[in-house]
J.: 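My structure is below; once you've seen it, I'll send some questions.
These values consider heavy atoms only, across backbone and side chains, with no hydrogens, waters or symmetry-generated copies. Letters go in sequence order (proteins before strands), and every chain restarts at 1.
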4 protein chains.
Amino acid sequence: MGDAAGHFLPGSFLVILGLWWSTRSILKYICKQQKKASSLITPKFFSRTEILEGIVIVVMALAGIIGLFSVFGKPKMLPHKEMQLVRSQHWQHVIMYLVLAMLGVTKILCFTISSLPVSLVKLMSSNAFFVEAFIIYNHPQSPILVNSFAHQLLVVSAFLAGLAAFIEFLLTKNNVVLELLRSSFAMLQGACFFQIGFVIFPKNMEHAWDLNDHINTTILATFFCAYYMLTYVIIGVNYALVSWFIKWKLSKPCPSEIQFLKNYEQQEDSEEDI
Amino acid sequence: MGDAAGHFLPGSFLVILGLWWSTRSILKYICKQQKKASSLITPKFFSRTEILEGIVIVVMALAGIIGLFSVFGKPKMLPHKEMQLVRSQHWQHVIMYLVLAMLGVTKILCFTISSLPVSLVKLMSSNAFFVEAFIIYNHPQSPILVNSFAHQLLVVSAFLAGLAAFIEFLLTKNNVVLELLRSSFAMLQGACFFQIGFVIFPKNMEHAWDLNDHINTTILATFFCAYYMLTYVIIGVNYALVSWFIKWKLSKPCPSEIQFLKNYEQQEDSEEDI
Amino acid sequence: MGDAAGHFLPGSFLVILGLWWSTRSILKYICKQQKKASSLITPKFFSRTEILEGIVIVVMALAGIIGLFSVFGKPKMLPHKEMQLVRSQHWQHVIMYLVLAMLGVTKILCFTISSLPVSLVKLMSSNAFFVEAFIIYNHPQSPILVNSFAHQLLVVSAFLAGLAAFIEFLLTKNNVVLELLRSSFAMLQGACFFQIGFVIFPKNMEHAWDLNDHINTTILATFFCAYYMLTYVIIGVNYALVSWFIKWKLSKPCPSEIQFLKNYEQQEDSEEDI
Amino acid sequence: MGDAAGHFLPGSFLVILGLWWSTRSILKYICKQQKKASSLITPKFFSRTEILEGIVIVVMALAGIIGLFSVFGKPKMLPHKEMQLVRSQHWQHVIMYLVLAMLGVTKILCFTISSLPVSLVKLMSSNAFFVEAFIIYNHPQSPILVNSFAHQLLVVSAFLAGLAAFIEFLLTKNNVVLELLRSSFAMLQGACFFQIGFVIFPKNMEHAWDLNDHINTTILATFFCAYYMLTYVIIGVNYALVSWFIKWKLSKPCPSEIQFLKNYEQQEDSEEDI
């Protein structure tokens, strides 16, 4: 991860994941409110997307691990001490991707084997974020002020995402706003990764930040809050788009489907009660 | 915000907000207990006050932002380094007011569009306080002891207000005491702003505090607790006044209204269950 | 509070309070389990003890404040700087007792005026402990190692008692084990006060502890845990005594009372549901 | 505990405890899902295992205390200062085992005397972990970097196990995933003890770690996360084995038992409601 690309990869992954989570939560919420809408999107569809999401997460985690090893494999001429440091960092990143892969595997297992408790997925996603926060917190710390501060912001956003997922796990029944909170923290973390990519590894050295200036940490904190607010704006726009899409779809209804889907609906309700 | 007026503005805003929140919570509580009282104050009235509150918050936030830019616009002769500091602080304050404006907009949207989840408002108000606490915590820190301690107290009160709002968000059903707790923390924070205005930017330089004396931090902490207790006394007096007002109003009842309002009551109950 | 007696007074007060809380919780629990037992102890009795407790707390807090002023009134020849320190500490202790008095007043009000929410009492008792923890945390800190560590333990125990009371406040329905947890933390805090009285202000100077030795902080932490375990032993013995007492009382029943008390029982149930 | 064996003993104890807890939780979960399975494993069986577990915990705690005193009894020639240090550590370890013994005694009492609240056991197990975390946190700290970091990891895992147990205590109804979380933290803590035993007291001095190298703390943190993931793999394998075992057992059913066991089932349900 020691370059810009190594931070853009997880960053874009998290932003996409956050967007996707928010979209599905909004879809679920609208389907619950408007009984008509559930004729379009069935509970089976949601459990299928969960399985698909699990597969995508596993693939992305594996891609990350392969990327790490391909970078790590290159022979570098480094003194012994620094080599050790790079190797320890390398394994930390591998662990991070592995715990993400575990989340994906848990998703696939829980939504294919019906006897497994669904709340395990929520625990696993909180675990993935907490482990990430723990690892970045225990990173070999850089002596550069802005670099370490930017990583602290990453820790904060990962911790908050984990906390939101854990609260979801404890409150057994689904709460759409809590799900949106989690997805907003995921997007926030993605934005942090991008921020680090641009600030710490600037393309254009002329406009590079002074990484030891204390004021720049203040500016980073301000950006952090601005990104957080931006995620809500994005979620709001997403909500408007999704509800408009549902309305547009419902304007040409096919009543034959409704009776057929009533069974699924009851099924879902009973699943949630468990 | 770099002067007394810049701290009095948010301070008085928060005190008024806290007072208003406590008044509405008490009104709601009394209306729930005394079914007769709900003939005076209808659920429609409460949702209208929420919208009005949203508008007031947006206006106040915009006033704050305009105030900030008008101050910032004045040409100041400062060395480059200090100019940067002032500018970074300026944007932090803008973000603070923006997140407040977002709370107002969310209030207006959630109480006009019925399909939006009402708990979003609670999440937004907790967000507003948390972002504020985060920003003040990451302020370019003053080397002056009492100044930084006073801002830490501000962080504590903002964090507690955010925490109370977040707990409210998690406990889906309304709890009057929790609402009063949140409003007491809002008032406490307002008092902290006033305290900073008076202590750090004294009008009368003769009675100015020694800002580097450690004992003064102890005195500030004592004041903080005293203010907190005072907010409960204020809420108690408020409760007595509101319940006396309701009794006085009910002494001249108009029974024709009662039947008319039963509908609203049931409506409210069903809304809360959601 | 600057002497042993000033720490023994709140210490013995907290131990008595903890014992009393645990006794009442156990009584309530047994009365709920054994329907027969509720013929002996009526719900009215419990609300009366709450009012009595409120009065006792107010009286004790006033006694503490009077004690503080009587000590403070004595003319002392101190340099200006130290006088300021003593005065700031003095007011901190006054605030601590005042917030306790507020808890007492809230108890009296909530159990006499039926329209007030009962959970306000729980919030107030958590407030009393949190304010205490906050004030001791912001005490003008002693440079003596063991002294400051002992006060940190006090902060921890006060914070935990406040947390237990706050969780009770959030979980609206009564939970006997949580009440016992709160009373055990109150006793623990009382034990800490006694510990400070004996260690920091020793009677016999020959066996005085070396207040700057790091090992003594370890020993204090060990004592802290030992006291905590002791509070559970005390509560266990208390449980055995109370259940034995109830059994002994029930061995000579007066069936005439039972029918009479059914009304109270239903009353209590409906109160708790609110 | 000042040697490898002193860390292997609690380590293996915690790993066994975690494995056992996860096995029982999985068994309970499967029995709840498959009504047929509850003909094999009766509620009485579960309460009996709890009592047995209590006895085993008491025996193990006593073994630990005896082990401590046998080591401590050996005359050592140490300077007075170091003797004091060893003695204070000794008593800390005794307290740790004592609070574990209290957990065992509480288990035995709560599952033999039916009038005692069952949630007391959960509070006690959270207490045991919290007291352990508190004591290790207040250990006389080693100046060796890796040693103190390894103990901090121990504190983190003990605190997390205590937190999981405390959340279980608050959420009165059983949640299998939360129980698995607690058992995974217990296993994690056991792994930490083993890690300390191997790293701080290496058998083979040639491969000993450099205990003052900062990179080794990073590696320890990485191992910590790896162990945490491993506990989930172990729990997953455990789940597969247990469910396979239940299926295998159910393939040769004895229908005569079923009717007989219906009574127990209802008994258990009513117990859980309390």
J.: List for me each residue that meets side-chain contact (heavy atoms from CB on, under 4.5 Å) alongside B:L171, sequence neighbours excluded, and say none if there are none.
T.: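 Partners of B:L171 by the side-chain contact (heavy atoms from CB on, under 4.5 Å) criterion, ordered by chain and then number, come out as B:I167, B:L178, C:L170.
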J.: Against chain A, label B:F130 side chain, backbone, both or neither, depending on which of its atoms sit under 4.5 Å from a heavy atom there.
T.: neither
J.: Tell me, side chain or backbone of B:L120 under 4.5 Å from chain A's heavy atoms, or both, or neither?
T.: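 Its backbone and side chain both get close to chain A.
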J.: Excluding sequence neighbours, so at least two apart, what forms side-chain contact (heavy atoms from CB on, under 4.5 Å) with B:L52?
T.: none
J.: Tell me every residue that passes side-chain contact (heavy atoms from CB on, under 4.5 Å) with B:I55, counting only those two or more places apart in sequence or in another chain.
T.: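 Expected list: B:I51, B:V59, B:I108.
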J.: At a heavy-atom separation under 4.5 Å, does B:L98 approach chain A through its side chain, its backbone, both, or neither?
T.: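 Answer is both: backbone and side chain atoms of B:L98 are under 4.5 Å from chain A.
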J.: If you take all heavy atoms of B:F134 and A:C225, which pair is closest and at what distance?
T.: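 For B:F134 versus A:C225, the nearest heavy atoms are CD2-SG, 3.5 Å.
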J.: May I ask you to name which of B:L109, B:I135, B:V99 has the most heavy-atom pairs under 4.5 Å with chain A?
T.: B:V99
J.: Please report all inter-chain donor-acceptor pairs (under 3.5 Å) between chain B and chain A, with distances to 0.1 Å.
T.:
{"from": "B:K81", "atom 1": "NZ", "to": "A:D213", "atom 2": "OD1", "distance (Å)": "3.4"}
{"from": "B:K81", "atom 1": "NZ", "to": "A:D213", "atom 2": "OD2", "distance (Å)": "2.7"}
{"from": "B:Q92", "atom 1": "NE2", "to": "A:T222", "atom 2": "OG1", "distance (Å)": "3.4"}
{"from": "B:S115", "atom 1": "O", "to": "A:Y29", "atom 2": "OH", "distance (Å)": "2.8"}
{"from": "B:S115", "atom 1": "O", "to": "A:Q33", "atom 2": "NE2", "distance (Å)": "3.1"}
{"from": "B:N127", "atom 1": "OD1", "to": "A:Y228", "atom 2": "OH", "distance (Å)": "2.6"}
{"from": "B:N127", "atom 1": "ND2", "to": "A:Y228", "atom 2": "OH", "distance (Å)": "3.2"}
{"from": "B:N127", "atom 1": "ND2", "to": "A:Y232", "atom 2": "OH", "distance (Å)": "2.9"}

